[in-house]
Enquirer: 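Below is one structure. I have some questions about it.
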Amino acid sequence: MEKRENILNKFKWWLYSLKIAVFKPSNKEKKETTMSAKRKEGIFLFLFLLFPMIQFLIFYVALNLNSILLAFKTYNKIDGTFSFAAFTNFVDVIRDIFVTKKLMIAVKNSAIQAGLSLFIMLPINIITAYVVFKKVPFAGFLKIILFMPNLLSSMVFVINARVLIHNAFPIIFNDPSMNLLFGEKTAFWTVLLFGAWMSFAGGLVIYLSAMCSISQDVLEYGELEPLSSFRELVSIIIPMIFPTVITYIVVGIGNFFINQGYFFAFFGGNANQYTSYDTLGYVFFTKVAGDEATYSQYTYAAAGGILFTLIVAPITVMTKSLLEKYGPSED
């Protein structure tokens, strides 16, 4: 009986070996199969990247191509044509910053605006999100209050803020002469603080979402130590959400030259008037979309955009690399 089973097993193995020998693919077939798989993978990756490539070509290259060309042109008001002007527009922008100093107030205000966003609002947003994340009493109510600015159009809040500042504040503080929006020293800070409050909702959503994605095992380990809330925030939460923080910082640096805040919503825009509440984003926006914007100012704004891009692009890349290298890590 055992001898018969051994013979059957040998016969099965012989059939299996024969099957392998007959149907085993040759080296040529293996190579063709591998090449076919790589070709299919390449086609898939190409199709996968095709949509963002088309978006980039249309919404960045095509839309900015005219701006790039305008930076090297000047507008003739007499016949309404553009002519080549070399680097004249770039020289005008640099002159307005360092010589005539028309833009120096805008540079200073943009620096203040960026500093408020990165060094004050960023920590406050993280702490606020952490408080809501820990589900302290009234955390849900706090979330609603901070998210309310995103429920309605920002222009609705701007209109209400204007009425409140113009009509209610003088009564509340018993000072009929109070005019925070159009005071020489108060207009910039009033709108800046309004913008800071409006930015709470975005920061809350971003950082709270990042904190909710942290593994529960990591949080339970911190509870077993035990860690204080401050220690948990510094040692666990921030390192775990630091990629999100890096994104916020990089975007903040990139917005240095284009962030106009809510100044246009509050004050409109006169392209030929420089004020104490100017920022670079506000000034250049009014030159192309302001009350008195003309084609002659398009070339100036285009040159400023290219110049500022050349300045901020390497700073952004370098900052991102340094933060990724020396910032807190999950390890």
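This chain uses plain numbering: 1 for the first residue, then up along the sequence.
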Enquirer: CG of Asn174: more than 12 outside heavy atoms within 6.0 angstrom?
Expert: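 Open.
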Enquirer: Does some side-chain heavy atom of Leu118 sit less than 4.5 Å from a side-chain heavy atom of Ile253?
Expert: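 SC-SC contact between Ile253 and Leu118 confirmed.
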Enquirer: Do Phe72 and Asn89 have side chains that approach each other closer than 4.5 Å (heavy atoms only, starting at C-beta)?
Expert: no
Enquirer: Hydrophobic clusters here meaning ILVMFWY residues chained together by side-chain heavy-atom distances under 4.5 Å, can you tell me if Val156 and Val191 are in one?
Expert: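 Looking at the clustering, Val191 is in the same group as Val156.
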Enquirer: Atom CD1 of Ile258 and atom CZ of Phe285: how far apart are they, to the nearest 0.5 Å?
Expert: 12.0 Å
Enquirer: With the side chain counted from C-beta on, respond yes when Phe257 and Ser110 share a heavy-atom pair under 4.5 Å apart, and no when they do not.
Expert: no
Enquirer: Will you find, in the side chains of Asp96 and Tyr300, an N or O donor that is under 3.5 Å from an N or O acceptor?
Expert: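 Yes, side-chain donor-acceptor contact under 3.5 Å.
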Enquirer: I need the Phe194 CZ to Arg162 CZ distance, nearest 0.5 Å.
Expert: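 If we round to the nearest 0.5 Å, Phe194:CZ and Arg162:CZ are 11.0 Å apart.
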Enquirer: Testing the basics here: between Ile94 and Leu307, what is the closest heavy-atom pair and its distance to 0.1 Å?
Expert: CG1-CD2, 3.7 Å
Enquirer: So which atom in Ala129 and which in Leu204 form the shortest heavy-atom distance, rounded to 0.1 Å?
Expert: CA-CD1, 3.8 Å
Enquirer: Measure the CG-CG distance between Leu116 and Leu193 for me, rounded to the nearest 0.5 Å.
Expert: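 Leu116 atom CG to Leu193 atom CG measures 7.0 Å (nearest 0.5 Å).
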Enquirer: Count I, L, V, M, F, W, Y as connected when their side-chain heavy atoms are under 4.5 Å apart, and connections chain through other members. Are Phe98 and Leu280 then in the same cluster?
Expert: yes
Enquirer: How long is the straight-line distance from CD1 of Ile246 back to CG of Leu322, given to the nearest 0.5 Å?
Expert: 10.5 Å
Enquirer: Do the side chain of Ser117 and the main chain of Gln113 share a donor and acceptor less than 3.5 angstrom apart?
Expert: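 Absent.
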Enquirer: Which atoms form the tightest heavy-atom contact between Ala301 and Lys287, and what is the distance?
Expert: CB-CB, 4.5 Å
Enquirer: Donor-acceptor pair, Thr74 side chain versus Ala85 backbone, under 3.5 Å?
Expert: no
Enquirer: With side chains defined as the heavy atoms from C-beta onward, is the minimum distance between Asn259 and Thr279 less than 4.5 Å?
Expert: no
Enquirer: With a 6.0 Å cut-off (strictly less than), is the heavy-atom count around CZ of Phe84, excluding the residue itself, greater than 12?
Expert: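 Enclosed.
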Enquirer: Give the cluster check for Tyr282 versus Met155: same hydrophobic cluster or not, with ILVMFWY residues linked at side-chain heavy-atom distances below 4.5 Å.
Expert: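 Hydrophobic grouping puts Tyr282 apart from Met155.
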Enquirer: Taking all non-hydrogen atoms of both residues into account, name the closest pair between Tyr207 and Ile241 and its distance.
Expert: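 Shortest heavy-atom contact: CD2-CD1, 4.3 Å.
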Enquirer: Please round to the nearest 0.5 Å and tell me the distance separating atom CZ of Phe169 and atom OG1 of Thr190.
Expert: 8.5 Å
Enquirer: Answer yes or no: is there a side-chain heavy-atom contact under 4.5 Å between Tyr248 and Thr244?
Expert: no
Enquirer: Shortest non-hydrogen contact from Ser67 to Ala302?
Expert: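 Scanning both residues completely, I find the closest heavy atoms to be O-CB, 3.2 Å.
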Enquirer: In terms of hydrophobic clustering (I, L, V, M, F, W, Y; side-chain heavy atoms under 4.5 Å; direct or indirect links), are Val312 and Leu310 co-clustered?
Expert: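 Yes, it is one cluster - the side chains of Val312 and Leu310 are joined through contacts under 4.5 Å.
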Enquirer: Can you spot which of Phe284, Phe256, Phe90 makes a ring-ring contact (aromatic ring centres under 6.0 Å, His included) with Phe308?
Expert: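 The residue from Phe284, Phe256, Phe90 that satisfies ring-ring contact (aromatic ring centres under 6.0 Å, His included) with Phe308 turns out to be Phe284.
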Enquirer: So if I apply the ring-ring contact (aromatic ring centres under 6.0 Å, His included) rule between Phe188 and each of Tyr262, Tyr277, Phe263, which one comes out positive?
Expert: Phe263
Enquirer: In Å, rounded to the nearest 0.5 Å, how long is the span from CE of Met240 to OG of Ser235?
Expert: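 Separation between the atoms: 12.5 Å.
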Enquirer: For residues Ile238 and Val234, report the shortest heavy-atom separation together with the two atoms involved.
Expert: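 For Ile238 versus Val234, the nearest heavy atoms are CB-O, 4.2 Å.
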Enquirer: Do the non-hydrogen side-chain atoms of Phe82 and Tyr298 ever get within less than 4.5 Å of each other?
Expert: no
Enquirer: side-chain contact (heavy atoms from CB on, under 4.5 Å) for Leu233 and Ile126? Distances and angles first, verdict last.
Expert: CA-CA 9 Å; Leu233 175 64; Ile126 293 176; 4.2 Å; yes
Enquirer: Considering only heavy atoms from C-beta outward, does the side chain of Thr88 approach that of Thr299 to under 4.5 Å?
Expert: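 When only atoms from C-beta onward are counted, Thr299 and Thr88 do not touch, as no gap falls below 4.5 Å.
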Enquirer: Check whether any side-chain heavy atom of Glu324 lies under 4.5 Å from a side-chain heavy atom of Phe242, and answer yes or no.
Expert: no
Enquirer: Hydrophobic cluster membership, with links at side-chain heavy-atom distances under 4.5 Å among I/L/V/M/F/W/Y: are Met53 and Phe48 in one?
Expert: yes
Enquirer: Please lay out, stage by stage, how Ile171 and Asn167 fare under the test side-chain contact (heavy atoms from CB on, under 4.5 Å).
Expert: CA-CA 7 Å; Ile171 298 175; Asn167 301 328; 5.8 Å; no
